[in-house]
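These notes concern the structure reproduced below.
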Amino acid sequence: MVNRVNTGAVIGLNSYKVWVETDVINSLPAVSVVGLPDAAVNEAKDRVKSAIKNSGYTFPGQKVVINLAPADLKKNGTSFDLPMAVGVLIEEEVLTQEQVDDYAFAGELALDGLIRPVTGILPLVLGLKEQGIKNIIVPKENAKEAALIDGINVYGAAHLTDVVSHFTDNPLCVTKINAKEYLAQQSENLEYIYDFKDVKGQQKAKKALEIAAAGGHNILMIGSPGSGKTMMAKCFPSILPPLELDEALELTKIYSVSGLLPPDEPLITKRPFRGVHHTASANGIIGGGTNPKPGEITLAHRGVLFLDEMVEFPRNVLEVLRQPLEDGEIVISRAMHSVKYPAKFILLGAMNPCPCGFLGDKEKHCTCSDFQITRYLSKLSGPLLDRIDLQINVPRLTPSELLNTEPPKEGSKEIRQRVVKARQIQLERYKNDNIFTNSELTPKLIKKYCELDEVSKQMMKAAIVKYQLSGRRYDRILKLARTIADLDSSEKITQMHLTQALQFRMFNLADYGKG
């Protein structure tokens, strides 16, 4: 008689219910796994056989056929080991079908029966819960991660014998964790290596970074070598607001699928900061592979993607950022299926103004020709620059600023307080719009929340004519002005807020350093 054990398959960040069907056929001893398995799943037959025998149970002396249904869904990874073993144990009458009907199983088996952790447990458990599963047994190391989902009983097992004992004489304990309390506790204890109190001068750049953090805006810093661009970029995470629970769960799903979730941290509690070297490939940035995995833009979701020496990246790599910056997601298409990953990140770029680095510098003379400068800056296309809300000049520090030993009036803590206050205003404003920050405003919502008075409209009209603004630039300036108004605790966008927004845009990069 065929038995059926519940488990699931994760594709992208989505989970699909899978039934592991096991049958024993009167034939020569063998194990056959069907149902579109990949190499890791197909190799499970040897792990399962050894794990069952080394745990003190018998393995059928006939042919065992294991089907992973539905058969047209690609099965990847090692999480199918445990449900396969449970199916065989039912055939051997160690367990019964009735005992496991309300359960799902996931985990990799060692040859001695130990249950090893697997990736993608959080999205797997969430998907199975939505499919009506009430109980799930997972590796002990994955139990806390799985327990973040309410409404399903999670049991952590260390060995195959623990699973059998759970149904016979020694039930496992339910793993429980309050995700909201855990996030609040961890957020209070966050520490940062870099702090803005260690940054000398650069008040305009600090203000621009504060605005970027408050509204989730993209920012580009341009300046001479040694002016402090990289240092301020490293300080930037210290002024970002703490994660909301929905954001933390979404990030945890991403890092779980990627296999990057720390073993002692079931929930991501800190906004990611992904610094990418300019030798990174386009696939490394956006994600890819036969079984598409998240790239850097997805790993930076709800956080920061930092591109130092931005113009040193190949142009084709920079251009792949255009669509994710606009849509906040990336779709990776393969022959068998397409996978969608979220990618709502703050792009933080830093670059020199020319190949030698000293265009516009007041102390050192630029040695580059006009042709060299034009070719250098042309790596940043107009459409890409259109998507960067703040573009600022970071000048060389003066001797008095470098020699100043007095600490700044405020550090990251004070700046972060203003950022958090502005973010709370946005969360309250957009609670019914399914967005978190001003940078996510759609054209429809811009009309609703970014109204201008008559004086501001005239100023904007003049800017449109003078700088030949595109529709995208116009919208992004309004979003920027909305964030500046929020930092000022103003319900309306005033002329002052609009003026500041225009000052933080470099409308023609080719004119950098002139005048």
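In this structure, M460 and Y474 approach most closely via the heavy-atom pair CG-CE1, 3.4 Å. Annotation for R482 and S490: closest pair NH2-O, 2.7 Å, computed over non-hydrogen atoms. Nearest heavy-atom pair across I297 and L321 is CG2-CD2, 3.6 Å. Of all the heavy atoms in I332 and G288, the pair that sits closest is CD1-N, 3.9 Å. Heavy-atom minimum distance, L209 versus F236: O-CE1, 3.1 Å. Of all the heavy atoms in A143 and V138, the pair that sits closest is CA-CG2, 3.8 Å.
To the nearest 0.5 Å, atom CZ of residue R423 and atom CG of residue L487 are 10.5 Å apart. Summarising the geometry, atom CG belonging to N178 is positioned 10.5 Å from atom CD belonging to Q185; distances are rounded to the nearest 0.5 Å. Remark: D386 CG to S470 OG distance equals 3.5 Å, nearest 0.5 Å. Of the inter-residue distances, the one linking F196 atom CZ with Q202 atom CD reads 10.5 Å to the nearest 0.5 angstrom. Atom CG of L220 is separated from atom CG of L380 by 6.5 Å, given to the nearest 0.5 angstrom. With rounding to the nearest 0.5 angstrom, the CG atom of L267 is 5.5 Å from the CG atom of L148.
Side-chain atoms of I493 and S456, non-hydrogen and from C-beta on, never get closer than 4.5 Å to each other. The closest side-chain heavy-atom distance from S381 to R315 is below 4.5 Å. Side-chain atoms of P266 and I177, non-hydrogen and from C-beta on, do get closer than 4.5 Å to each other. Residues L347 and M310 have side chains in contact (heavy-atom distance under 4.5 Å, counting atoms from C-beta outward). At least one side-chain heavy atom of R271 sits less than 4.5 Å from a side-chain heavy atom of L243. Side-chain contact between L128 and L124 is present, with heavy atoms from C-beta onward closer than 4.5 Å. Residues M459 and L452 have side chains not in contact (no heavy-atom distance under 4.5 Å, counting atoms from C-beta outward). Residues L441 and I435 have side chains in contact (heavy-atom distance under 4.5 Å, counting atoms from C-beta outward).
Looking at N142, its side chain does come within 3.5 Å of a backbone N or O of V118 through a donor-acceptor pair. Using modelled atom types, no side-chain atom of D308 and backbone atom of T230 make a donor-acceptor pair closer than 3.5 Å. Checking side-chain atoms of E108 against main-chain N and O of R116 turns up no donor-acceptor pair under 3.5 Å. Between the side chain of S256 and the backbone N or O of G120 there is at least one donor-acceptor pair closer than 3.5 Å. Q426 contributes a side-chain N or O that, together with a main-chain N or O of A214, makes up a donor-acceptor pair within less than 3.5 Å. Put simply, the side chain of K75 never gets that close to the backbone of V18: no donor and acceptor are under 3.5 Å apart. Remark: side-chain polar atoms of K229 are paired, donor with acceptor, to backbone N or O of G223 under 3.5 angstrom. A distance-only check finds no donor-acceptor pair linking the side chain of T269 to the backbone of L183 [under 3.5 Å]. For E265 (side chain) and L261 (main-chain N/O), no donor-acceptor pair under 3.5 Å exists by modelled atom type. Side-chain atoms of S378 come within 3.5 Å of backbone atoms of R375 as a donor-acceptor pair (strictly under, hydrogens ignored).
Within a 6.0 Å radius of NZ in K144, no more than 12 heavy atoms belonging to other residues, nucleotides or ligands are found. For K340, the NZ atom counts as loosely surrounded, since its 6.0 Å shell holds 12 or fewer non-hydrogen atoms of other residues, nucleotides or ligands. Counting heavy-atom neighbours within 6.0 Å of K74 NZ, excluding the residue itself, gives a total above 12. When the shell of 6.0 Å around CD of E312 is examined, it contains more than 12 heavy atoms from other residues, nucleotides or ligands. Counted within 6.0 Å of NZ on K234, heavy atoms from surrounding residues, nucleotides or ligands total 12 or fewer; the atom is thus considered open. More than 12 heavy atoms of other residues, nucleotides or ligands lie within 6.0 Å of CG in L402, so this atom counts as buried by the packing criterion. The local environment of CG in D370 is sparse, with at most 12 non-hydrogen atoms from other residues, nucleotides or ligands closer than 6.0 Å. Other residues, nucleotides and ligands place more than 12 heavy atoms under 6.0 Å from the CG atom of N316.
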Practice item. Verify side-chain contact (heavy atoms from CB on, under 4.5 Å) between L498 and I477, making sure each step is shown before the conclusion. Key: CA-CA 8 Å; L498 193 59; I477 289 171; 4.1 Å; yes
Check your understanding: Yes or no on side-chain contact (heavy atoms from CB on, under 4.5 Å) for Q203 and K206, after CA distance, side-chain angles and deciding distance?
Key -> CA-CA 5 Å; Q203 295 306 315; K206 289 180 182 178; 3.9 Å; yes
Practice item. Decide yes or no on side-chain contact (heavy atoms from CB on, under 4.5 Å) for N291 and D38, but give the supporting numbers first. Key: CA-CA 10 Å; N291 178 32; D38 71 348; over 6 Å; no
Exercise for review: Before giving the answer on side-chain contact (heavy atoms from CB on, under 4.5 Å), spell out for T483 and T437 the whole-Å C-alpha distance, their side-chain angles and the decisive distance to 0.1 Å.
Suggested key: CA-CA 9 Å; T483 299; T437 62; over 6 Å; no
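Salt-bridge check for E250 with K344: failed, with every basic side-chain N at 4.0 Å or more from each acidic carboxylate O. Between R476 and E326, at least one side-chain nitrogen of the basic residue sits less than 4.0 Å from a carboxylate oxygen of the acidic one, meeting the salt-bridge criterion. Taking 4.0 Å as the cut-off between side-chain N and carboxylate O, R322 and E319 count as a salt-bridged pair. By the 4.0 Å N-to-carboxylate-O rule, E440 lies close enough to R302 to be salt-bridged with it. Salt bridge absent: D475 and K479 never bring a charged side-chain N and a carboxylate O closer than 4.0 Å.
Each of R429, R418, H497 was compared with D486 under the side-chain hydrogen bond (donor to acceptor under 3.5 Å, both in side chains) criterion, and only R429 meets it. Checking each of Y255, F345, Y341 against T298 for a side-chain contact (heavy atoms from CB on, under 4.5 Å) leaves exactly one that passes, namely Y341.
Residues meeting the side chain to side chain donor-acceptor pair (under 3.5 Å) test with T374, sequence neighbours left out: none. Applying the side chain to side chain donor-acceptor pair (under 3.5 Å) criterion to H278, with sequence neighbours excluded, gives no partner residue. The salt bridge (Lys or Arg N to Asp or Glu O under 4.0 Å) check on E414 picks up nothing, with sequence neighbours excluded.
If you check the side chains of S238 and D195, you find no donor sitting under 3.5 Å from an acceptor. S439 and D389 form no side-chain donor-acceptor contact under 3.5 Å, judged by distance and modelled atom types alone.
When ring centroids are compared, Y449 and Y430 come within the 6.0 Å threshold.
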